[in-house]
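Structure record follows, encoded as structure tokens.
Bear in mind that the values here come from a model prediction, so they are computed numbers and not experimental data.
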Amino acid sequence: MSTQHVQRMSRLMAKTLREDPADAETLSHKLLVRAGYVRRSSAGVWTWLPLGKRVLDNVARVVREEMDAIGAQEVLLPALLPREPYEVSGRWSEYGDLLFRLKDRKGADYLLGPTHEEIFTLVVKDQCTSYKDLPVMLYQIQTKYRDEARPRSGVLRGREFQMKDSYSFDVSDEGLAQSYALHRAAYQRIFTRLGLDHRIVSAVSGAMGGSASEEFLAPAPAGEDTFVDCPACAYAANTEAVTFALMSVSVPAEHPPLEELATPDTPTIESLAALLDVPASATLKNLLVKVDGEIVAVGVPGDREVDLGKLGEHLAPAVVELVTAEDFVGRPDLVRGYVGPQGLDTVRYLADPRVAPGTSWVTGANKADTHARNVVCGRDFAVDQYLDVVVVEPGDPCPRCGSGLRLDRAIEIGHIFQLGRKYADAFGLDVLGREGKPVRVTMGSYGIGVSRAVAALAEQTADERGLCWPAEVAPADVHVVAAGKTVQLELAARAAEALAGAGLRVLLDDRPGLSPGVKLTDAELIGVPWILVAGRRSAESVVELQNRATGTREELPLAEALSRLT
């Protein structure tokens with residue numbers, strides 16, 4: 001083991017803070033700033049200071065080691081990309097305002113890369129011509145750019161972030177499945193080594209395209225993703241990917257005829273249910289949206305809400321927007337607040353599976369101040385397409401076993417896709433097959449949020465005293481504190497040199513003029529796995545050894561402490 005350099009805090013650019021940043025909402029945002037790991041440069045853009053850069057590099061190192069272990073090859077593509085490939089794939093427009101767009105001095109359009117499917121496809125098209133060149137897996141660790149409307153939560157949701165993206169290229173679907181499985185297993189090893197508690201959940205592909213898709217989520221209160229899991233059968237999915245089967249409904253053979261009711265002053269489901277003395281679940285809510293400009297109605301039970309994100313994922317790459325007052329102008333068939341599916345011949349009708357054939361509802365009558373009851377699906381109206389579009393709630397039946405689902409918050413730290421031939425088709429990526437004929441290549445895409453993983457670790461492992469890094473990613477192995485003057489400083493320096501000589505990474509707090517209490521508070525805030533304190537018994541060469549994670553402390557002769565640490 002090679003000798004390490006001792007990092008003295010008297011020379012370290014890391015100023016700790018006693019108070020939380022005024023704009024910080026999440027634990028990781030507060031602590032990474034307070035402990036001197038990052039500093040805000042502008043909205044959603046962060047500077048990684050020396051301690052933070054070490055943690056970031058350690059995460060990247062683990063990712064590289066596991067990617068290399070499955071045979072992936074590292075490359076580095078440009079971040080400044082021409083418009084044309086993204087026009088070919090359609091994502092120049094699909095990404096919308098998320099893209100950072102710019103022009104060079106000649107007026108040519110460029111973007112800052114949000115992800116690199118297009119460019120990797122072109123690289124392989126240039127380099128691989130035969131089935132003998134495949135399979136191949138390529139990856140990079142690089143800064144990505146997305147113009148988030150509301151960057152927040154520190155490095156969790158930035159406009160500039162570090163990501164590992166990798167891509168597999170195979171000549172068959174079976175080969176893609178193998179590449180996908182290799183990445184999936186590598187991701188499990190990566191997150192286990194990093195010390196991240198994580199879940200693998202079914203996901204939707206959205207604008208990425210492709211078929212099979214799974215997310216790796218780190219449960220944390222600060223997470224922006226909601227996922228479900230089933231305590232009975234281990235089913236887990238992003239809420240946008242939860243699928244419910246079309247319900248089989250036991251109903252009488254005959255329903256009463258449709259009846260229209262005067263219902264003035266009932267602009268909400270709650271007011272309607274109160275007037276008619278029926279539960280909200282007996283009413284049918286019809287939300288009007290625009291899908292690529294076309295007005296579409298979405299029906300859900302009145303006690304449920306439409307998940308617009310889920311609806312958007314189902315209909316991607318189409319753009320989904322809520323209707324506005326202007327959209328009702330010139331549309332006498334659409335009566336605002338009183339829309340019902342019966343008679344909506346000019347509007348496509350989508351519905352949640354709970355609106356099953358044979359179910360009877362109270363809903364709008366398409367007349368002002370009027371509702372209708374005994375409106376039966378299949379008799380009085382038809383559903384053009386069933387989609388899971390309601391906001392999932394705790395207790396909803398598990399799609400796999402029927403038990404009640406649980407909901408939790410999490411941070412997305414990885415996402416893997418079987419892209420298939422979407423990008424190969426767009427760019428004509430063929431290789432010469434075994435039979436001497438062109439074969440269309442099939443692809444996979446796999447991402448890990450490297451900087452997000454740092455924040456996720458901070459969220460999961462911190463305690464009331466500060467950060468508490470797992471050993472694999474910590475900026476040092478041991479934080480040596482000189483809690484006093486000459487005698488303590490001499491013993492601390494001797495301990496630090498001995499530990500560094502044994503190959504450990506050492507942070508030495510030799511800052512003059514600070515009280516032992518301030519130094520110890522900073523050591524706990526910074527969160528290195530071991531804290532060695534040269535304090536009151538330094539004259540006897542006795543030190544205190546503290547395990548940062550467990551908080552256990554014991555006094556030991558220096559030689560014994562060094563032996564234990566090395």
Determine, for [X] against [Y], whether the closest basic-nitrogen to carboxylate-oxygen distance falls under 4.0 angstrom.
X: E544; Y: R537; value: no
X: E224; Y: R452; value: no
X: E65; Y: R189; value: no
X: R64; Y: D57; value: no

Tell me whether [X] contacts the main-chain N or O of [Y] through its side chain, where contact means a donor paired with an acceptor under 3.5 Å.
X: R146; Y: P114; answer: yes
X: K519; Y: R511; answer: yes
X: Q460; Y: P219; answer: yes
X: D463; Y: G466; answer: yes
X: R553; Y: N547; answer: no

Quick one: ring pair (Phe, Tyr, Trp, His ring centres under 6.0 Å) pairs with a partner in [range], sequence neighbours left out?
range: residues 47-69; value: none
range: residues 495-531; value: none
range: residues 65-91; value: none
range: residues 467-517; value: Y37-W469

Item to check | Test log, rule side-chain contact (heavy atoms from CB on, under 4.5 Å), inputs L122 and Y423 | outcome: CA-CA 10 Å; L122 291 173; Y423 295 93; over 6 Å; no
Who pairs with [X] by side chain to side chain contact (heavy atoms under 4.5 Å, CB included), at least two apart in sequence or on another chain?
X: R54; value: Q7, P475
X: E25; value: none
X: P82; value: E84, P85, Y110
X: A14; value: L12, L51

Can you name the residues that form a salt bridge (Lys or Arg N to Asp or Glu O under 4.0 Å) with [X], not counting sequence neighbours?
X: E214; answer: R184
X: D197; answer: R199
X: D225; answer: none

Item to check | side-chain hydrogen bond (donor to acceptor under 3.5 Å, both in side chains) partners for S89, two or more places apart | outcome: E118
Next on the checklist: Before you tell me yes or no, could you show the steps for S168 and H183 under side chain to side chain donor-acceptor pair (under 3.5 Å), namely the whole-Å CA-CA distance, both residues' side-chain angles and the distance that decides it to 0.1 Å?
Outcome noted: CA-CA 9 Å; S168 61; H183 274 84; 5.3 Å; no
Next on the checklist: More than 12 heavy atoms of other residues, nucleotides or ligands under 6.0 Å from CG of D104: yes or no?
Outcome noted: yes
Checklist entry - Does atom CZ of R18 have more than 12 heavy-atom neighbours, drawn from other residues, nucleotides or ligands, at distances under 6.0 Å? => result yes
Next on the checklist: To check you understand the geometry: which heavy-atom pair defines the closest contact between V228 and V242, and what is its length?
Outcome noted: CG2-CG2, 3.5 Å
Checklist entry - Taking it one step at a time, do R494 and E490 satisfy salt bridge (Lys or Arg N to Asp or Glu O under 4.0 Å)? => result CA-CA 6 Å; R494 182 152 43 100; E490 290 176 354; over 6 Å; no
Checklist entry - Taking atom types as modelled and ignoring hydrogens, do the side chains of T115 and E117 form a donor-acceptor contact shorter than 3.5 angstrom? => result yes
Next on the checklist: Ignoring hydrogens and geometry beyond distance, is a side-chain donor-acceptor pair present between T16 and R34 at under 3.5 Å?
Outcome noted: no
Next on the checklist: Could you walk me through whether L76 and Q142 satisfy the side-chain contact (heavy atoms from CB on, under 4.5 Å) test, starting with their C-alpha distance in whole Å, then the side-chain angles of each, then the deciding distance to 0.1 Å, before giving a yes or no?
Outcome noted: CA-CA 7 Å; L76 183 61; Q142 190 209 49; 4.1 Å; yes
Item to check | side-chain contact (heavy atoms from CB on, under 4.5 Å) assessment of Y139 paired with Q73 | outcome: CA-CA 6 Å; Y139 77 97; Q73 303 172 64; 5.8 Å; no
